[in-house]
Peer 1: 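Below: one structure in structure tokens.
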Amino acid sequence: MSTEKALIEALSALVTGPPRPVIDVVFSSWIRVDGPVGELYVAFGEKGVNFIRAADAVEHDAITFEETFRVALGKPLRHAEHPPAGLMPALHGRSASTVPVDLGHLTDFERDVLTATRRIPSGQVRPYGWVAREIGRPKAVRAVGTALGNNPVPVLIPCHRVVRSDGQLGEYVFGRAMKEDLLRAEKTNVDEVADLAKRKVFYLGSDTTHIVCYPSCAHARRITGPHRKGFRTIDAALTAGYRPCKHCRPAEVA
DNA sequence: GGGCGGGCGGGAG
DNA sequence: ACTCCCGCCCGCC
């Protein structure tokens, strides 16, 4: 296509296309909303939600939120009257969200990490190593932690559901306390997971199905008492003839 | 059971 | 381009 033709089409689009105020392109919008635990500042542009901070976290009023946003994204913010469509159900619902999220300024690795993290169901947790394995970089465990620490949209992309392999909850952008609060708010069995970890049990299997899960997996939680077998390592479970659950994927399916 | 080094991506020189 | 350093980690000793 000639340059002239492209130019003409672009210009006609400006005249005949739907109005798209320059202000919406240059600015992102912000709004303060109720989150599952406390209030949140949420920023969003045309491509989706692009930045979230906890309102009750240290020194976060609207002014500092705008400032941290400008430093992170290099754009100014203006206040919005309404949250973007789908945001509130995504923040509060238990089903997987479909709110558009703008991860445009991240690296491929960081996007992969966040995309895999987004697939962890509400009410469940996975180790950092699980995320690494899911994105095909099984040894990049610590780098996964770094990437999650850089999650621009916490809560919405649930990096609080990624925990340490030893049963501890691990670090969190808004502090460990909020990580635990968020998990409890979505009914994760944090106490049971901790109790099991204390006994060095990190996997649960059923001796009737011979399927092994992470302890927070919805399937593991339905194994009735006498059939519940605990394992310290996934290898121990596989050696005992169990196969990894297809939902929580505690190991690659052989 | 904690300490230590391996491992990896990203950003700052 | 290369090196160095840091970070929501992991598993062995």
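Excluded from the calculations below are hydrogen atoms, water molecules and symmetry mates; all remaining heavy atoms, backbone and side chain alike, are included.
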Peer 1: How many Å lie between CZ on Arg142(A) and P on dC10(C), as a whole number?
Peer 2: 10 Å
Peer 1: Does a sphere of radius 6.0 Å around NE2 in His82(A) hold more than 12 heavy atoms from other residues, nucleotides or ligands, not counting ones at 6.0 Å or beyond?
Peer 2: no
Peer 1: Would you mind reading off the distance between Asp108(A) atom CG and dC8(B) atom C1', rounded to a whole angstrom?
Peer 2: 16 Å
Peer 1: With the side chain of Thr146(A) defined as its heavy atoms from C-beta on, choose the nearest nucleotide among dC10(C), dC8(C), dG7(C).
Peer 2: dG7(C)
Peer 1: Students often mix this up, so state it plainly: with edges at 30° and 60°, are the rings of Tyr242(A) and Phe231(A) parallel, tilted or perpendicular?
Peer 2: perpendicular
Peer 1: Does Asn150(A) or Val141(A) map to a spot on DNA chain B nearer the 5' end, using the closest nucleotide for each?
Peer 2: Val141(A)
Peer 1: Between atom CG in Asp112(A) and atom C1' in dG10(B), what is the gap in whole Å?
Peer 2: 15 Å
Peer 1: Quick check on dC9(C): is either OP1 or OP2 less than 4.0 Å from any side-chain nitrogen or oxygen of Arg164(A)?
Peer 2: yes
Peer 1: Which whole-number value in Å describes the distance from Asp235(A) CG to dC12(C) P?
Peer 2: 10 Å
Peer 1: Asp166(A) CG to dC13(C) P: how many Å, rounded?
Peer 2: 18 Å
Peer 1: With heavy atoms under 4.0 Å as the rule, sort Ala143(A) into base, sugar-phosphate or nothing.
Peer 2: base
Peer 1: So which nucleotide from dC8(B), dG10(B), dC8(C) ends up closest to the side chain of Thr107(A)?
Peer 2: dG10(B)
Peer 1: Taking atom CZ of Arg232(A) as the centre, report whether more than 12 heavy atoms of other residues, nucleotides or ligands fall under 6.0 Å from it.
Peer 2: no
Peer 1: Answer yes or no: does a side-chain N or O of Ser165(A) lie under 4.0 Å from OP1 or OP2 of dG11(C)?
Peer 2: yes
Peer 1: NA contact type, Gly129(A), heavy-atom cut-off 4.0 Å: base, sugar-phosphate, or nothing?
Peer 2: sugar-phosphate
Peer 1: Between dC10(C) atom P and Lys139(A) atom NZ, what is the distance in whole Å?
Peer 2: 16 Å
Peer 1: May I ask which nucleotide in the shown strands pairs with dG7(B), Watson-Crick or G-U wobble, both distances under 3.5 Å?
Peer 2: none
Peer 1: Within the distance-only criterion (no hydrogens, no angle test), does the side chain of Lys47(A) pair as donor or acceptor with the backbone N or O of Gly104(A) below 3.5 angstrom?
Peer 2: no
Peer 1: Please state how far atom CD1 in Ile120(A) lies from atom P in dC8(C), giving the value in whole angstrom units.
Peer 2: 17 Å
Peer 1: Mind checking if Val173(A) touches a base, just sugar-phosphate, or nothing, with heavy atoms under 4.0 Å?
Peer 2: base
Peer 1: Both distances below 3.5 Å, Watson-Crick or wobble geometry, any strand: find the nucleotide opposite dC8(C).
Peer 2: none
Peer 1: Please check if the side chain of Arg32(A) supplies one atom and the backbone of Glu39(A) the other of a donor-acceptor pair under 3.5 Å.
Peer 2: no
Peer 1: Of the options dC8(C), dG6(B), dC10(C), whose atoms approach the side-chain atoms of Pro127(A) most closely?
Peer 2: dC10(C)
Peer 1: Under 4.0 angstrom, heavy atoms only, what part of the nucleic acid is Tyr128(A) near: base, sugar-phosphate, or nothing?
Peer 2: base
Peer 1: Whole angstroms only, please: what is the CZ-C1' distance between Phe109(A) and dG11(B)?
Peer 2: 15 Å
